[in-house]
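Quick notes on the structure that follows.
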Amino acid sequence: MNLYSIPPLLTLCCFLGLVVLTIVRGHWTKANILFLIICIFGSFLNIDILFAFNTKSANAALLVSRIDHLFIVFSMPVFIQFFHTYLKTPDRKWLVYLAYAYSVFLVCLIPTSLYIESMQKHFFGFFARGGMLYPLFGAGGLFANIYILVLINSSIRREKSSTQKNKLKYVFAGFGIMGLINGLDVLPILGYSFYPPGNMSFIPLIIFAVGLFKHDLLDMGTLIKKSLLYSLITALLTCIYAFLIIIADKVFKNFNFSDSFYFPILLFLFVAFIFGPLKTKVQTVIDHIFSKGKYDYQKTIKQVSRMIASVLDFDEIAKLLIQTVFKAMQVEHCILFLRDISGTGFKKYSSKEKHINSTYSISSLDKSFIINFMKEHHQPIIRKRIAGRKNGAEAQSLLSDLDRLGAEVVLPMIFKDRLSGFVVLGEKLSGDLFSPEDLDLLETLSSQSALAIENANSYRRLDELNRNLEEIVRERTAKLNDALIEKEKTQDQLIRSESLAAIGQLVAGTAHELNNPLTSVSSLVQSTIEDLAQMAHKITLDEELIDDLKFAHKELDRARDIVSSLLGLSRQTQTYTEPVNLNMVVTDALRILYNEYKHYDLEISENYDPDLPDIQGNFANLGQAALNIIKNAIQAVADNKGTIFLATMFDENAHQVVFTCRDTGLGIDKSIQKDIFKPFFTTKAVGKGTGLGLYICYEIVKKHGGVLSFEETDKPGTCFVMRLPSGGHPFS
């Protein structure tokens, strides 16, 4: 293979690479299939050229060239049909049919010398010499090339999307340059010994490949990553390095230079000062082409991410996020939507934009497909990926929502599996697509921003609470003072009520004691009056004496009526009829006292009979009795880290429900045990107790037909036992 074969070989490699890429990554759409055919035709043409350049037989070269042109002539209609499909050009099928008919006509000429007269020997090898009618093929190719370029240029002018414009520009540059240099092949075909410019088609093909990988021209999802490019560059430079080593070895093999001491030194200097910097320079060029500004905005986003994490001002975070993304990504617009106060929808909070559909309803936005998609999948919505799903109602609905938002990418802001907001990004001003690296950085930034916004929300609520704290404290202090005053009034009323109740008991007892002598005296006076009346006919009595006795009897009756009224007033008439579970009574009382004993170092042991039968009584009054008993036990063990034992049981023999409360406190001195159930008896300091607690408990149990007793045990502390009849105690 001679040196002149390298350009067509490179072009062949480019075409074959595009063939493989289309087969592996293509979606087998009509456009991709036509593009594949074009690449195959290009491969055939360059195989033909390579064979002609390296063969020594003119006849063989002529035969291969004529066979190749049987396919090449159809490149004209395939080109036209491909661009009609790619550019969605309607109503020009007649032109495609006409081009195919023209190609069929040329096929008839190919075997004759009218199409290819012979193979001419040049300094670079054999090349076809055109016959009389070969210009028909050249004219058809020229028309097809001009028509396609005009079609692409017209589409570029009509296109509003920057991304689509960039795609069309790369297509225009790639196929335009390739058509131009292939048209110059007419010089060697006419007999001039001029190297065929069409062999340099690998240059426009490389331009097209850049667009293919950078802008995904054929929607194959072939966005190339920088790491892959670096690997390819390293491999290419390694091949060049090996090629230079081989050349150097051949050049200097007669000088024994490769075996000398200086050869490895010069080789090291070459690698250090030429190969290394060259690799770095090429990587810089690749970064400029494929990821322009990547390093700058990557560093910026990292810095802003750290800043966002430390800022607690909600507005500042939103502003910083939008400005950073807008500037770094160089997009047409960037909008931040956050959940509104009601939590039912999203509102536009901050934006940097050129245009947006302002009529788009925020209320309907919450019900849109993009919101439901992000809530369900927790992943970005990318127009290009959605557009790849040609079919499906969901894809069409998502695209419709994206159109209304003018969005290319929508980034969700997820916090604890909850969608708190999202960022809408329009097209890049450069028309470039969002690369995988872009999306990785944006997703990282959106997740950090979601956390920062939640923190800022919490801080804002805390700040508002702090600003209102003084007023809240003042209001609650006033309410607390009112509650304390009310408590003191209630306590005074309770003490008075309990005192009156105790006095009522005393009055009832006194009235009962007075009633007996009054009845006796009244009976005696009545008897005396009757005796004096019987003696009136025997002796003469003083009338005033009888009148005085009658008056005394009358006053005694009046006094007895007064005592009877006092007895009636002192008798309570509350009725007890509801079923009560004593276990619930005790546990409720214990629950009420929790705030009182939780700060003490004490232990409460509970042992309740699960099969305890109900009793008939008043739940509230029994609860008051249990509460007072347990409260006394808590006060008894609070200072000595003691234990309180609470238990319930059913005494089948006596048909009684029994509640026991025992503590390990100091106990009750024997000298006062007989007085503990008396009203107003207390051992507490003045103001600490009224002496009515156990008395009230005793009376409540008594009214339920039960007994409250203090029982002595062989263990330290105090034990109170409440016994209540299981069958109830009907009374009123």
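Values reported hereafter were calculated over all heavy atoms of this structure, with side chains retained and with hydrogens, waters and symmetry mates removed.
- Looking at Leu95 and Tyr147, their side chains come closer than 4.5 Å, going by heavy atoms from C-beta outward.
- Annotation: side chain of Pro196 is in contact with side chain of Phe53 (closest heavy-atom distance under 4.5 Å).
- At distances below 3.5 Å, not a single donor-acceptor pair connects side-chain atoms of Thr85 with backbone N or O atoms of Ala31.
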Output, in order, the C-alpha distance, side-chain angles, deciding distance and verdict of side-chain contact (heavy atoms from CB on, under 4.5 Å) for Ile414 and Met374.
CA-CA 9 Å; Ile414 306 295; Met374 288 187 291; 5.6 Å; no
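- Side-chain contact between Ile203 and Ile177 is absent, with no heavy-atom pair separated by less than 4.5 Å.
- Counting only heavy atoms from C-beta outward, the side chains of Val423 and Val410 never approach each other to under 4.5 Å.
- The side-chain heavy atoms of Leu106 and Met76, taken from C-beta on, include a pair separated by under 4.5 Å.
- Between Pro204 and Met200, the shortest heavy-atom distance links the atoms CD-O, 3.4 Å.
- Closest non-hydrogen pair, Pro7 versus Phe202, comes out as O-CD2, 3.6 Å.
- Asp401 places none of its side-chain heavy atoms less than 4.5 Å from the side chain of Phe373.
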As a quick check of understanding, evaluate side-chain contact (heavy atoms from CB on, under 4.5 Å) for Asp403 and Arg383, giving each step before the final call.
CA-CA 9 Å; Asp403 289 337; Arg383 177 186 290 273; 2.8 Å; yes
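- Screening Ile38, Leu205, Ile23 for a side chain to side chain contact (heavy atoms under 4.5 Å, CB included) involving Leu18 leaves a single residue, Leu205.
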When you look at Met178 and Ile207, which way does the side-chain contact (heavy atoms from CB on, under 4.5 Å) test go after all the steps?
CA-CA 10 Å; Met178 188 169 65; Ile207 296 175; over 6 Å; no
Go through it in stages, so that I can follow the logic: the residues are Phe82 and Ile37, the test is side-chain contact (heavy atoms from CB on, under 4.5 Å), and I'd like the CA-CA distance, side-chain angles, deciding distance and then a yes or no.
CA-CA 10 Å; Phe82 166 73; Ile37 295 173; over 6 Å; no
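- Residues Phe15 and Ile40 are not in side-chain contact: their nearest non-hydrogen atoms beyond the backbone lie 4.5 Å or more apart.
- Residues Pro197 and Leu184 approach most closely at CG-CB, 3.5 Å, considering heavy atoms.
- Between Leu50 and the options Leu9, Val64, Thr11, a side chain to side chain contact (heavy atoms under 4.5 Å, CB included) holds for only Leu9.
- Smallest separation of non-hydrogen atoms from Val331 and Gly426: CG1-O, 3.6 Å.
- For the residue pair Leu168 and Ile152, the shortest heavy atom distance occurs at O-CG2, 3.6 Å.
- Ring pair Phe41/Phe44 is tilted by interplanar angle, where 30° to 60° counts as tilted.
- Taken from CD1 in Ile148 to CD1 in Ile80, the straight-line distance is 6.0 Å, to the nearest 0.5 Å.
- Annotation: Phe208 is in aromatic contact with Phe35 [ring centroid separation under 6.0 Å].
- Atoms CH2 and OH, on Trp94 and Tyr97 in that order, are 13.0 Å from each other to the nearest 0.5 Å.
- The two atoms that bring Gly198 and Asp185 nearest to each other are N-OD1, 2.7 Å, heavy atoms only.
- Other residues, nucleotides and ligands place no more than 12 heavy atoms under 6.0 Å from the CZ atom of Phe71.
- In this structure, Cys39 SG and Asn32 CG are separated by 10.0 Å, a value rounded to the nearest 0.5 Å.
- Ser400 contributes no side-chain N or O that, together with a main-chain N or O of Gln396, makes up a donor-acceptor pair within less than 3.5 Å.
- Here Ile335 contributes atom CD1 and Phe422 contributes atom CZ; the two are 9.0 Å apart, rounded to the nearest 0.5 Å.
- Considering CG of Leu425 and CD1 of Ile381, their distance stands at 12.5 Å, rounded to 0.5 Å.
- Checked options Val424, Ile371, Leu419; the residue passing with Phe337 is Val424 (criterion: side chain to side chain contact (heavy atoms under 4.5 Å, CB included)).
- Residues Lys30 and Gln81 form a side-chain contact, since some pair of their non-hydrogen atoms from C-beta on lies under 4.5 Å apart.
- A donor-acceptor pair under 3.5 Å is absent between the side-chain atoms of Asp48 and the main chain of Asp68, judged by distance alone.
- Here the CG-OG distance, from Asn46 to Ser201, works out to 6.5 Å after rounding to the nearest 0.5 Å.
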